[in-house]
Amino acid sequence: MNNKDAFELAKKLIELDLLRDEVWEDLAILAGDQAHELLRMAQNS
């Protein structure tokens, strides 16, 4: 893998992290105090 490919992957990771934050905020609004529990249930299914 060359530096350009590695840099592109790093940028994608940053984009995914930002998207994760946005989605988490949406889940927190919808689920309120149950957001963490719902996330764990989804992870374990």
Side-chain angles (χ1 to χ4, degrees):
M1 178 181 298
N2 63 37
N3 284 341
K4 183 179 178 184
D5 292 338
F7 185 74
E8 290 301 318
L9 285 174
K11 287 182 8 182
K12 285 183 183 182
L13 281 172
I14 292 167
E15 291 172 11
L16 285 171
D17 191 42
L18 293 172
L19 178 59
R20 181 207 173 276
D21 290 345
E22 290 175 23
V23 173
W24 172 253
E25 289 176 16
D26 291 343
L27 178 62
I29 290 168
L30 287 174
D33 292 340
Q34 297 177 346
H36 284 284
E37 182 180 343
L38 287 169
L39 181 60
R40 285 199 183 146
M41 287 173 45
Q43 287 174 329
N44 292 328
S45 65

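Note that the structure is a prediction, hence the values are computed from the model and not measured. For the single chain, residues carry numbers from 1 onward in sequence order. Both backbone and side-chain heavy atoms feed into the values below; hydrogens, waters and symmetry mates do not.
- Here the CZ atom belonging to R20 is positioned 10.5 Å from the CD atom belonging to E25, to the nearest 0.5 angstrom.
- Taken from CG in L9 to CD1 in I14, the straight-line distance is 11.5 Å, to the nearest 0.5 Å.
- Environment of CG in D21: crowded, with over 12 heavy atoms of neighbouring residues, nucleotides or ligands closer than 6.0 Å.
- Within 6.0 Å of CG on D17 lie more than 12 heavy atoms contributed by other residues, nucleotides or ligands.
- Nearest heavy atom pair, residue A28 against residue A35, reads CA-CB, 4.0 Å.
- Of all heavy-atom pairs spanning A31 and L38, the tightest one is CB-CD1, 3.4 Å.
- Nearest heavy atoms, S45 versus A42: OG-O, 3.0 Å.
- Rounding to the nearest 0.5 Å places CG of D26 at 7.5 Å from CD of E22.
- Judged as a salt bridge (charged side-chain N to carboxylate O under 4.0 Å, His left out), and not counting sequence neighbours, the contacts of K11 are E8.
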